[in-house]
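Read through the structure below, which is laid out as structure tokens, and then see the notes.
Treat the numbers as computed from the prediction; the structure is a model and nothing was measured. Letters A, B, ... mirror the listed sequences (proteins, then strands); counts begin at 1.
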2 protein chains.
Amino acid sequence: MNRKALGTSGYVVLGLALQHGEITPYELKQRIATSVGYFWAYSHPQIYVVSEKLRKAGLLSQRRERSGRRRKMYRITAAGEQVFKGWLSDPIIGHTELRDLAMLKLYFGEFSDQGTICAMARQQVAAHEARLVEYQRIPDQRQLNSFALRTVELGIEFEKMAREYWRIIERDNI
Amino acid sequence: MNRKALGTSGYVVLGLALQHGEITPYELKQRIATSVGYFWAYSHPQIYVVSEKLRKAGLLSQRRERSGRRRKMYRITAAGEQVFKGWLSDPIIGHTELRDLAMLKLYFGEFSDQGTICAMARQQVAAHEARLVEYQRIPDQRQLNSFALRTVELGIEFEKMAREYWRIIERDNI
DNA sequence: CCTATCATGTAATCCGTTACATGATTAT
DNA sequence: ATAATCATGTAACGGATTACATGATAGG
């Protein structure tokens with residue numbers, strides 16, 4: 001209804017529901033953790049809350065398993081699809097936010113000592129390396145559509161850059 | 001006291017207070033907007049709330065202007081400095097989060113049309129270009145310590161990369 | 001002197017996380 | 001059978017944004 005009331009997490013859920021037809025909160029959680037969650041994470045209880053909120057707003061319909069875990073199965077409604085597609089074509093406001101604790105601490109490096117910074121740099125090289133490997137494996141493991149693949153590509157480029165960046169920090173601080 | 005109770009925004013305020021000696025919430029806001037805020041933004045009412053919280057926790061001391069605007073002037077306490085430096089050497093948990101609406105929408109590109117994606121790509125090229133120019137001007141405008149300069153460097157590299165990325169998206173979608 | 005904008009803040013609300021809790025299924 | 005883990009949620013809290021409000025100063 002009023003589109004303003006929906007946060008980004010709501011649109012993520014709508015989008016995934018649209019992609020998958022019928023989906024449980026758990027599947028949503030898994031999907032997010034291995035896709036959009038790489039660059040826009042959120043925690044699992046949120047997913048349950050958001051799904052319920054979307055259902056109440058009439059953007060998702062719900063069907064419940066009759067036996068076993070009695071899982072809630074969500075499906076996007078016509079209204080939901082309309083809201084989601086409207087959001088997709090809304091103009092982008094705001095810019096990329098690069099939230100990174102290590103960068104923040106580096107900014108205040110004057111109050112650290114060389115050993116601490118160097119250790120942090122080493123740890124960051126390893127962390128970005130690990131993430132790079134993880135991203136590089138994604139196209140082999142799952143068949144993604146070309147758009148999802150594209151976002152993975154940016155992830156890969158970013159990790160390469162960050163790894164190199166911290167290597168230089170490490171070298172300069174030894 | 002108990003360090004766990006402090007969020008990242010608290011440490012940002014402590015760090016800036018440590019750098020600047022005595023600082024008002026407004027200066028904090030300005031400083032954040034043109035430094036760490038580039039990669040870790042937050043809104044101005046938060047700064048007032050966080051500063052007060054830090055004062056109550058004994059990590060900042062406060063002096064009030066006697067006339068005019070009766071501004072609150074904050075200064076870091078010995079306890080605050082200790083807590084801040086402790087945080088600096090804490091190990092990093094979690095990874096870089098690259099929060100970007102355009103990337104999110106690109107991920108769901110299958111539900112957009114080419115025109116919309118192309119327009120978004122064009123807008124993103126312009127936005128990253130603008131930001132790049134802004135970052136490149138920073139070293140001339142202000143004298144920053146070498147650590148702050150280093151973080152700006154990553155910002156510049158990122159913007160170059162993102163600009164190039166969206167240029168390719170735009171080209172492929174025309 | 002009046003207006004714009006600078007500077008400072010409060011209150012309400014919402015979003016997201018942490019901690020907790022529990023039933024269902026699978027492996028041994 | 002029993003332990004492990006899969007799957008599903010709730011409740012409480014805290015952090016962050018939005019909307020609102022107001023006094024101080026500067027410019028005309």
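The minimum heavy-atom distance between B/G109 and B/I117, with the atom names listed, is O-CD1, 3.7 Å.
Atom NZ in A/K53 sits about 14 Å away from atom P in C/dT13, given to the nearest Å. Note: CZ (B/R31) to P (C/dA7) measures 14 Å, nearest angstrom. What separates NZ of B/K29 from P of D/dA16 is a distance of 17 Å, to the nearest Å. Separating the CG atom of A/L6 from the P atom of C/dG16 is a distance of 11 Å, rounded to the nearest angstrom. D/dT17 atom P lies 11 Å from atom CD1 of B/I32, rounded to whole Å. Rounded to a whole Å, the CD atom of B/E97 is 14 Å from the C1' atom of C/dC15. Atom pair A/Y26:OH and D/dT5:P shows a separation of 12 Å (rounding to whole Å applied). We find that CH2 of A/W40 is positioned 9 Å from P of C/dG16, with the value rounded to whole Å.
Electrostatic pairing of B/K85 and B/E81 counts as a salt bridge here, judged by a charged N lying under 4.0 Å from a carboxylate O. Salt bridge B/R167/B/E170: absent, no basic N to carboxylate O contact under 4.0 Å.
The ring-ring contact (aromatic ring centres under 6.0 Å, His included) check on B/Y135 picks up B/Y38, with sequence neighbours excluded.
Neither OP1 nor OP2 of D/dA7 sits under 4.0 Å from any side-chain N or O of A/K72. For D/dA16, one of the phosphate oxygens OP1 or OP2 lies less than 4.0 angstrom from a side-chain nitrogen or oxygen of B/S9.
In the region residues 42-52 of chain A, proximity to DNA chain C at under 4.0 angstrom, judged on heavy atoms, holds for A/Y42, A/S43, A/P45, A/Q46.
A single hydrophobic cluster is not seen to contain both A/M73 and A/Y48; linkage of ILVMFWY side chains at heavy-atom distances under 4.5 Å, directly or through other members, places them apart.
Considering only side-chain atoms of A/P25, the nucleotide from D/dG9, D/dC6, C/dG9 that sits closest is D/dG9.
Where B/R99 and B/T24 meet DNA chain C, the nucleotide closest to each residue was compared, and B/T24 sits on the side nearer the 5' end.
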Name each donor-acceptor pair under 3.5 Å that joins a side chain in residues 150-159 of chain A to protein atoms two or more places apart or in another chain, with its distance.
{"unit_1": "A/R150", "atom_1": "NH2", "unit_2": "B/D172", "atom_2": "OD2", "d": "2.4"}
{"unit_1": "A/T151", "atom_1": "OG1", "unit_2": "A/A148", "atom_2": "O", "d": "2.7"}
{"unit_1": "A/E159", "atom_1": "OE1", "unit_2": "A/H128", "atom_2": "ND1", "d": "2.5"}

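No side-chain donor-acceptor contact under 3.5 Å links B/S61 to the backbone of B/T77.
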